[in-house]
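The structure under discussion appears below in the form of structure tokens.
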Amino acid sequence: MPTASLDVHPPILLFLPARNESATVADVLAAAPSSVEVDGAAFPVELLVVDDGSTDGTGDLARAAGATVIRTDGLGLGAAVRLGLGHAATIGAAAVAFCDADLEYDTAALHDLVAPILDGRADYVVGSRFLGGARRMKPHRHFGNRLLTMLVRAATRDQRDVPLTDGQSGYRALSGSAAAAVDIAHDYNYAQVLTLDLLGRGFRYLEVPIDYAHREIGRSFVRLPTYLRRVVPTAYAVWRTHHDPVLGARSAILRPDRAPRTIGQSSTTKSRKRSRAARQAA
């Protein structure tokens, strides 16, 4: 008697960009579900850690916890996210999600992030720490988040149908098509340029409420003055490109340090560094 065939669904990729997170990375991976069910269909979850120049064994611990590991020499958070999204394309992921590896975000909530993508409601989902009520944050982080969220909200007000409440969230998900199309124009960080680029390309935006815990081990690399100096000019160039392609292209010619770029458009030095450093361990 022939056996019934089982539907095979493409995977969901969950990846963690991580640098020196040996104290927490295994726990973050352990909390992730092995599959996500949406509308009666079960999608297997594949785990990836982009080990961005760690010196404390983060990659080894992630591999021991069952994740694939991509190792770099420390290109930056934006570059690490770019590599993770690129990996999603190579495995044909139905959706890709990523979050920090420091236990601030709960990977067990993966279903809430990817369900709106898999059921066709959204292309880009951000886990908001502020939907349903304010979260406690350190004062300087709260100020920085509010400032940057306000700027992104103003820049995208005509490109989305729902409110934008958390421009700095570290837990996000994209459809396969959105992940393949986006240009993360900054190696240093991704938050603002990712949202500006995806909404500028017409992808549908949604937020879902998530839990959030204070980081208790290690410290964030973000310092607001440095962040503003390094990210805001590039975010403006991305916004300008989508709102005025002629001026955006001119900005790319006249101010290449502040213009959106892909991996192929980076400087010769950075290209050599990436080709040498971005290698995948079995």
Cation-pi check, Arg129 onto Tyr105 ring (under 6.0 Å, within 45° of axis):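 Geometry flag: not set, cation outside 6.0 Å or 45°.
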Is there a donor-acceptor pair closer than 3.5 Å between any side-chain N or O of Asp52 and the backbone N or O of Gly76?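 Yes.
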Heavy atoms, side chains only, cut-off 4.5 Å: are [X] and [Y] in contact?
X	Y	answer
Val45	Pro11	no
His87	Ile70	yes
Ile12	Glu46	no
His186	Asn189	no
Glu21	Leu103	no
Thr68	Phe15	no
Val25	Asp51	no
Ser128	Val208	no

Nearest non-hydrogen partners of [X] and [Y], listed with the distance:
X	Y	result
Pro33	Ala108	CD-CA, 4.2 Å
Arg71	Ser54	NH1-O, 2.7 Å
Leu48	Gly84	CD2-CA, 4.1 Å
Leu196	Ala155	CD2-CB, 3.8 Å
Val238	Ala185	CG2-CB, 3.8 Å
Gly59	Val69	O-CG2, 3.5 Å

Could you verify whether a donor N or O on one side chain and an acceptor N or O on the other, from [X] and [Y], lie under 3.5 Å apart?
X	Y	answer
Thr156	Arg160	yes
Thr58	Ser22	no
Thr24	Asp102	no
Gln168	Thr149	no
Thr195	Arg172	yes

Taking it one step at a time, do Leu85 and Val96 satisfy side chain to side chain contact (heavy atoms under 4.5 Å, CB included)? CA-CA 7 Å; Leu85 297 178; Val96 52; 3.8 Å; yes
Let me confirm one number: the [atom1]-[atom2] distance from [X] to [Y], rounded to the nearest 0.5 Å.
X	Y	atom1	atom2	value
Asp197	Trp239	CG	CH2	14.5 Å
Arg153	Leu148	CZ	CG	11.5 Å
Leu206	Leu164	CG	CG	11.0 Å
Thr107	Tyr171	OG1	OH	5.5 Å
His242	Arg201	NE2	CZ	5.0 Å
Ile210	Ser169	CD1	OG	4.0 Å

With a 6.0 Å cut-off on the ring centroids, do Tyr190 and Phe98 count as close?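 So the answer is yes for these two rings.
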So, do Tyr124 and Phe203 have ring centers that fall under 6.0 Å from each other?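 No: the rings miss the under 6.0 Å criterion.
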Show the numbers, then the answer: is there a side chain to side chain contact (heavy atoms under 4.5 Å, CB included) between Leu194 and Leu174? CA-CA 10 Å; Leu194 180 66; Leu174 289 74; 4.3 Å; yes
Begin from the C-alpha positions of Arg82 and Asp183 and carry the test salt bridge (charged side-chain N to carboxylate O under 4.0 Å, His left out) through to its verdict. CA-CA 8 Å; Arg82 189 186 301 121; Asp183 175 16; 5.3 Å; no
side-chain hydrogen bond (donor to acceptor under 3.5 Å, both in side chains) for Thr165 and Glu207? Distances and angles first, verdict last. CA-CA 8 Å; Thr165 69; Glu207 290 187 358; 2.6 Å; yes
Residue that, paired with Ser175, satisfies side-chain contact (heavy atoms from CB on, under 4.5 Å) out of Val125, Ile117, Leu118: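 For Ser175, the side-chain contact (heavy atoms from CB on, under 4.5 Å) check succeeds only for Ile117.
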Any chance you could lay out the side chain to side chain contact (heavy atoms under 4.5 Å, CB included) test for Leu199 and Arg204, step after step, and finish with the verdict? CA-CA 7 Å; Leu199 270 64; Arg204 295 166 299 164; over 6 Å; no
